Amino acid sequence: MALRFKNSFTRTKEEFRPIDEGKVRMYTCGPTVYNYAHIGNFRTYMFEDLLRRYLKYKGYDVTQVMNLTDIDDKTIRDSQKEGVSLKEFTDRYTKAFFEDIDSLGIERAEYYPPATEHIPEMVVLIQKLVENGLAYEVDGNYYFRISAFKDYGKLAHIDMDGLKAGARVAADEYEKDSVSDFALWKAWDEADGDVYWETELGKGRPGWHIECSAMSMKYLGETFDIHTGGVDNMFPHHENEIAQSEGATGKKFVNFWMHSEYLIVEGRRMSKSAGNFYTLRDLMEKGFSGVAVRYLLLSTHYRQQLNFTLTGLDAARKALERYLDFISNLADYVGGVSSGGEAEQVIRKVKSGFEDALDDDLNISGAMGVIYDFIRDINRLKAEDRLSIEERDQALETIRKIDTVLNFTYNEANLDIDEEIDSLIAQRTEARKNKDFALADKIRDDLIARGIILEDTAQGVKWKRKV
RNA sequence: GGCGGCAUAGCCAAGUGGUAAGGCGGAGGUCUGCAAAACCUCUAUUCCCCAGUUCGAAUCUGGGUGCCGCCUCCA
């Protein structure tokens with residue numbers, strides 16, 4: 001089956017073909033570094049991680065760019081509130097962002113351009129828009145003239161004439177030609193303090209949308225393959241990016257637009273302004289691991305709203321445990337007789353099922369379904385001692401290949417041997433030998449309280465950390 | 001007012017014309033000192049409601065009900 005993605009632009013599933021054979025260039029809207037990112041943000045980054053990992057699994061050479069918005073109203077406001085420089089402020093949250101994506105096993109993009117390091121590129125782009133008659137200046141502010149760009153609204157399918165002139169239009173934007181025109185460059189005012197750039201456009205700072213146009217085209221070219229973000233970015237942000245980019249180059253900006261749905265919490269919309277959000281750090285403080293959060297965020301299809309609950313996170317943790325135990329127990333399996341071709345069939349089935357599902361617009365639920373079928377089938381052969389060493393190795397190789405996409409095993413490196421635990425296990429083994437089960441069980445319970453789970457197997461005592 | 005999405009078991013969720021995947025939870029069993037892990041069996045006569053098309057519909061059409069999102073800087 002061919003790889004197909006739902007293209008938000010055409011609103012249909014289309015076969016994916018990159019511009020350059022074997023290479024994919026993608027731009028993923030990144031964080032505004034003014035706070036710890038919440039799990040809704042990470043839901044989107046997780047979808048993008050799945051996308052890039054699956055593209056790599058399919059053999060594509062992926063170049064991904066994720067911007068870091070380190071200059072906007074919020075970063076200025078909050079850094080001033082704290083009395084620290086913009087740089088010091090945004091550096092702190094940039095660092096936190098990278099720590100968090102590491103905790104979640106999200107693979108690094110090739111480029112993380114910060115907006116503040118690309119002011120000259122933005123200025124050039126704005127000048128070009130002025131030249132093309134698509135931008136105008138009022139008191140040092142530059143705006144994009146939407147009425148001059150005839151395709152405006154084609155991504156979000158919004159008819160500008162039909163827009164309700166509503167209460168959400170800020171009162172202080174009266175100087176624009178049209179309320180819908182958006183800012184490309186904002187002239188300095190006192191509230192900006194020492195945050196400004198002296199440029200050919202004057203003293204000021206960029207608008208929000210322009211950074212994505214400038215930086216995406218710098219690193220990926222004027223036309224590239226995939227652009228992603230949360231659905232809320234579709235309008236106006238992505239619509240504006242198209243207007244800015246195509247208005248400047250006259251070329252098609254992006255071939256495939258992909259948008260992830262919201263994560264909601266207990267059935268309600270989560271947002272930074274509503275204050276009902278969980279950061280990754282909040283969940284880790286409650287004792288959940290990054291990989292459990294990863295499992296939850298990854299295992300719901302990206303175009304489906306994900307209703308986050310702590311109960312759901314716990315269910316995800318348990319399902320993940322089954323997956324991890326499968327791999328770990330399979331690796332320890334000493335082998336039995338050959339299954340006579342059954343294992344091979346099971347392996348073939350999971351490979352094709354996994355790929356067919358993900359080829360179909362990243363249908364992760366379908367993919368997880370066939371993986372759990374595979375786990376049960378192999379475990380059954382194991383239970384019947386009908387899995388040879390060779391077959392075991394093939395099964396292991398298969399699940400590990402699959403795991404390059406899912407990446408649920410990245411915490412395994414943490415399972416380093418702890419001398420104290422070994423010594424307690426030895427004490428317990430001795431107690432069991434002496435039929436002192438009360439002591440043996442106490443040691444086991446104490447370890448469980450510390451997140452260490454013991455299993456008595458035919459090959460001896462195994463231990464693992466709670467995920 | 002405009003645009004769009006969703007409704008499948010206690011919970012999460014796949015399935016877009018051929019007779020309901022998978023996970024969590026629950027019940028019983030095998031194994032075990034007891035557990036854990038694993039395996040086996042069971043857990044939706046049915047997919048929000050009504051009507052229609054069809055040999056056949058969770059899937060298509062029409063109508064209804066309920067929930068949600070976007071409509072100018074929120075992933």
Side-chain angles (χ1 to χ4, degrees), chain A residues 8 11 28-32 37-48 69 72-74 146 153 156-164 166 168-170 173 179-183 207-209 228-237 239-240 259-264 267-274 295-296 299-301 303-307 309 311-312 314-323 325-326 328-329 353 357 363-373 375-376 379-384 432 435-438 440-441 444-445 448 453-458 462-464:
Chain A
S8 311
R11 300 194 175 180
T28 51
C29 277
T32 299
H38 59 63
I39 51 172
N41 301 121
F42 290 123
R43 199 268 163 107
T44 296
Y45 306 143
M46 196 61 77
F47 142 64
E48 288 153 358
T69 300
D72 79 324
D73 292 351
K74 292 180 298 245
I146 283 174
H157 296 235
I158 284 176
D159 176 5
M160 293 312 288
D161 299 333
L163 267 192
K164 192 174 165 185
R168 293 187 62 177
V169 176
E173 300 189 56
V179 290
S180 298
D181 289 352
F182 59 92
W208 173 44
H209 311 291
T228 69
V231 274
D232 55 329
N233 271 167
M234 193 156 137
F235 192 86
H237 185 236
E239 197 66 59
N240 292 351
H259 292 95
S260 60
E261 254 300 340
Y262 275 116
L263 175 149
I264 55 180
R268 297 190 53 193
R269 164 83 198 270
M270 164 161 115
S271 74
K272 288 176 183 174
S273 52
Y295 187 99
L296 180 66
S299 58
T300 295
H301 183 80
R303 285 193 291 106
Q304 173 91 23
Q305 272 193 1
L306 192 168
N307 185 16
T309 61
T311 314
D314 203 51
R317 216 204 83 238
K318 297 225 177 76
L320 172 65
E321 218 167 17
R322 177 163 161 80
Y323 176 95
D325 283 347
F326 167 72
S328 150
N329 294 340
N363 181 354
I364 190 71
S365 304
M368 294 309 295
V370 302
I371 289 167
Y372 282 103
D373 283 340
I375 288 174
R376 193 200 52 238
N379 275 340
R380 184 197 294 127
L381 291 173
K382 254 180 62 189
E384 294 168 355
R432 289 180 71 211
K435 306 268 190 236
D436 184 356
F437 296 120
D441 290 352
R444 185 170 61 193
D445 291 345
I448 283 173
I453 299 161
L454 298 190
E455 292 178 9
D456 300 323
T457 74
K462 280 188 68 173
W463 68 273
K464 64 183 181 188

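Because the structure is predicted, anything quoted here is derived from the model rather than measured. In what follows, every chain begins at residue 1, and chains take the letters A, B, ... in the order their sequences are listed.
When heavy atoms are screened at a 4.0 angstrom cut-off, A:D441 is found touching base atoms of the nucleic acid. Within the 4.0 angstrom heavy-atom criterion, base atoms lie near A:L263. Note on A:L454: a base of the nucleic acid sits closer than 4.0 angstrom, heavy atoms only. Residue A:D373 is classed as a sugar-phosphate contact, given heavy-atom separations below 4.0 Å to backbone atoms only. Here A:G230 lies in heavy-atom contact (under 4.0 Å) with sugar-phosphate atoms only. Within 4.0 Å (heavy atoms only), A:Y262 reaches at least one base atom of the nucleic acid. Backbone-only contact: A:Q304 has heavy atoms under 4.0 Å from sugar-phosphate atoms and none from a base. At a threshold of 4.0 angstrom between heavy atoms, the contacts of A:G229 are confined to the sugar-phosphate backbone, with no base atom among them. Using a 4.0 Å heavy-atom criterion, one finds that A:Q305 contacts the sugar-phosphate atoms exclusively.
Taking the salt bridge (Lys or Arg N to Asp or Glu O under 4.0 Å) definition, one finds that A:R444 meets it with A:D441, sequence neighbours left out.
Across all strands shown, B:A51 forms a Watson-Crick or G-U wobble pair with B:U61, both key distances being under 3.5 Å. B:G56: no Watson-Crick or G-U partner with both key distances under 3.5 Å is found in any strand. B:A75 is unpaired under the criterion used here, namely a Watson-Crick or G-U wobble arrangement in which both key atom distances are under 3.5 Å. Both distances falling under 3.5 Å, in either a Watson-Crick or a G-U wobble arrangement, place B:A38 opposite B:U30. In this entry B:G69 has B:C3 as its Watson-Crick or G-U wobble partner, both defining distances falling under 3.5 Å. Across all strands shown, B:A21 remains unpaired; no Watson-Crick or G-U wobble contact has both distances below 3.5 Å.
A heavy-atom distance below 4.5 Å is found between the side chains of A:S8 and A:M234. At a threshold of 4.5 Å between non-hydrogen side-chain atoms, the residues A:Q304 and A:S365 do not count as touching. Residues A:R43 and A:T300 meet the side-chain proximity criterion, which asks for heavy atoms closer than 4.5 Å.
The residue among A:S260 and A:T300 whose nearest nucleotide of RNA chain B is located toward the 5' end is A:T300. Residues A:H301 and A:N233 each lie close to RNA chain B; by heavy-atom proximity, the contact nearer the 5' end of the strand is made by A:H301.
With hydrogens and angles ignored, a donor-acceptor pair under 3.5 angstrom links the side chain of A:R432 to the base of B:G33. Remark: the A:D232 side chain and the B:G69 base include no donor-acceptor N/O pair separated by less than 3.5 Å. Judged by distance alone, with hydrogens and angles left aside, A:R444 brings a side-chain donor or acceptor within reach of the base of B:C34, the pair sitting under 3.5 Å. You'll find a donor-acceptor pair under 3.5 Å spanning the side chain of A:T44 and the base of B:A75, going by distance alone.
Under the 30°/60° scheme for interplanar angles, the aromatic rings of A:H237 and A:W208 are found to lie parallel.
In this structure, A:R317 places its CZ atom 16 Å from C1' of B:C11, rounding to the nearest Å. Remark: C1' of B:A21 and OH of A:Y372 are 14 Å apart, rounded to the nearest angstrom. As rounded to whole Å, 9 Å separates atom C1' of B:G4 from atom CD of A:E261. The interatomic distance linking A:N41 (CG) with B:C74 (C1') rounds to 9 Å, in whole Å. One can place CG of A:N240 at 11 Å from P of B:C73, the figure rounded to the nearest angstrom. As a whole-Å value, the separation of A:D72 CG from B:C73 C1' is 8 Å. Between the NE2 atom of A:H237 and the P atom of B:C74 there is a distance of 10 Å, rounded to whole Å. B:C31 atom C1' lies 14 Å from atom CD of A:E455, rounded to whole Å.
For B:G10 and B:G5, the C1' atoms lie 26 Å apart once the distance is rounded to whole Å. Taking atom P in both B:A35 and B:C12, one finds a spacing of 32 Å when rounded to whole Å. B:A20 and B:U65 are spaced 24 Å apart, taking the C1' atom of each and rounding to whole Å. B:U41 and B:G23 have their P atoms separated by 12 Å, given to the nearest Å. Taking the C1' atoms as reference points, B:C11 lies 8 Å from B:G25, given to the whole Å. For the C1' atoms, the distance from B:C42 to B:C67 is 34 Å, rounded to whole Å. Distance noted for atom P between B:A58 and B:U46: 11 Å (whole Å). Comparing the same atom, C1', in B:U16 and in B:U8 gives a spacing of 13 Å after rounding to whole Å.
Residue ring and base: A:F437 counts as stacked with B:G33 (centre distance below 5.5 Å, interplanar angle below 30°).
Across A:Y372 and A:L320, no two heavy atoms sit closer than the pair OH-N, 4.3 Å. Of all the heavy atoms in A:H259 and A:R303, the pair that sits closest is O-CG, 3.9 Å. A:A156 approaches A:R11 most closely through the heavy-atom pair O-NH2, 3.2 Å.
Of all nucleotides listed (B:C24, B:A75, B:A35), B:A35 comes nearest to the side chain of A:D456. The side chain of A:R322 has B:C24 as its nearest neighbour among B:A13, B:G22, B:C24. Among the nucleotides B:G15, B:C71, B:A37, the one closest to any side-chain atom of A:N363 is B:G15.
Under a 4.0 Å N-O distance rule, the pair A:R322/A:D325 does not qualify as a salt bridge.
A close approach under 4.0 Å does occur between a side-chain nitrogen or oxygen of A:K74 and OP1 or OP2 of B:C74.
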